[in-house]
Amino acid sequence: MNLLLALVGGYLLGSLSFAVITSRLMGLADPRTYGSGNPGATNVLRSGSKKAALLTLAFDALKGFVPVWLCALLGQTEMVAAAAGLAAFVGHLWPVFFRFQGGKGVATAAGVVFGLNPMLGVAVLASFALIVAFSRYVSLASMVAACFAPFFQALIWGLSPAVWALLAMAALLVWRHQANIERLLAGTESQLGKKKAP
């Protein structure tokens with residue numbers, strides 16, 4: 001029963017698309033209608049509102065963190081907490097409240113990672129920052145950091161339910177970045193601080 005509640009609660013919280021909610025509250029256009037069409041912080045930034053983008057980033061991360069944190073606070077097992085985090089991530093990708101049109105899940109995945117293991121979160125964030133610094137590709141850094149997460153967890157803290165949840169999130173996150181992968185291979189992916197290639 002606890003596992004079922006964690007799954008349902010995590011999914012429903014994850015289904016709150018804060019890119020859309022924040023944009024509506026601030027009188028901005030629906031992020032699904034411009035730019036990449038992705039309801040995430042990066043696309044919201046294209047609206048010209050840094051405040052809206054930062055709020056989207058923060059709340060998207062929190063909706064990944066909160067279900068995991070609540071499970072730990074209520075004394076649930078790591079398996080239940082990991083399931084709640086994975087459900088929140090899936091909710092972000094396919095939100096029931098927004099016609100299942102979700103984002104790529106980078107911020108929400110980061111929130112889940114920090115909820116499961118703060119030290120792992122720091123390691124993954126450092127990996128992300130390092131890859132961005134050298135490549136200037138945010139999409140590449142997001143995918144590589146997501147793939148590092150289960151590896152780091154297994155190598156340093158051992159195999160646990162968290163590893164399987166992190167593996168599932170990494171696979172889904174990479175899959176959601178298919179268009180970015182194609183542009184990276186074609187050399188047309190936009191780099192941080194540079195104008196997008198035509």
Side-chain angles (χ1 to χ4, degrees), residues 3-24 30-46 52-53 55-71 79-116 120-121 124-125 128 138-150 153 161-184 189:
L3 178 60
L4 180 61
L5 288 173
L7 288 170
V8 173
Y11 175 75
L12 292 177
L13 183 59
S15 289
L16 295 174
S17 183
F18 285 107
V20 179
I21 294 170
T22 301
S23 295
R24 286 179 182 174
D30 189 323
R32 295 170 295 181
T33 64
Y34 61 83
S36 65
N38 178 60
T42 301
N43 203 39
V44 171
L45 186 60
R46 294 189 175 100
L55 286 172
T56 298
L57 181 67
F59 281 113
D60 277 353
L62 277 173
K63 73 182 183 184
F65 176 84
V66 168
V68 179
W69 174 75
L70 279 176
C71 285
M79 182 184 73
V80 173
L86 178 58
F89 178 76
V90 170
H92 178 82
L93 267 54
W94 295 285
V96 67
F97 304 128
F98 295 90
R99 302 191 301 275
F100 302 101
Q101 297 176 10
K104 296 176 181 176
V106 176
T108 303
V112 174
V113 171
F114 271 97
L116 288 171
L120 174 64
V124 171
L125 185 60
F128 171 84
V138 174
S139 58
L140 177 64
S142 299
M143 290 186 284
V144 173
C147 292
F148 278 174
Q153 176 70 22
V163 173
W164 307 115
L166 293 168
L167 273 172
M169 286 197 303
L172 286 169
L173 190 145
V174 170
W175 177 68
R176 294 288 280 196
H177 279 77
Q178 289 180 71
N180 301 86
I181 293 171
E182 291 174 3
R183 290 194 295 270
L184 283 166
E189 178 73 329

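The first residue of the sequence shown is numbered 1, and numbering continues consecutively from there.
Contacts of Phe114 classified as ring-ring contact (aromatic ring centres under 6.0 Å, His included), with partners at least two apart in sequence or in another chain: none.
The structure places OG of Ser139 at 7.0 Å from NZ of Lys104, a figure rounded to the nearest 0.5 Å. Put simply, OG1 on Thr108 and CZ on Phe59 are 13.0 Å apart, with the number rounded to the nearest 0.5 Å. Once rounded to the nearest 0.5 Å, the distance linking NE2 of His92 with CE of Met169 reads 12.0 Å. The distance from the OG atom of Ser17 to the CG atom of Asp60 is 7.0 Å, given to the nearest 0.5 Å. Taken to the nearest 0.5 Å, the CH2 atom of Trp94 stands 5.0 Å off from the CG atom of Leu172. Separation of atoms CG (Leu57) and CG (Leu45) is listed at 10.5 Å; rounding is to 0.5 Å.
Inter-residue side-chain proximity for Val96 and Leu12 is flagged as met; some heavy-atom pair is nearer than 4.5 Å. Looking at heavy atoms from C-beta onward, Leu184 lies in side-chain contact with Leu140 at the 4.5 angstrom threshold.
In this structure, Glu182 contributes its side chain and Ala179 its backbone to no donor-acceptor pair below 3.5 Å. In this structure, Arg176 contributes its side chain and Leu93 its backbone to a donor-acceptor pair below 3.5 Å. Side-chain atoms of Asp30 never come within 3.5 Å of backbone atoms of Ser23 as a donor-acceptor pair (strictly under, hydrogens ignored).
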Before giving the answer on side-chain contact (heavy atoms from CB on, under 4.5 Å), spell out for Val138 and Val106 the whole-Å C-alpha distance, their side-chain angles and the decisive distance to 0.1 Å.
-> CA-CA 10 Å; Val138 174; Val106 176; over 6 Å; no
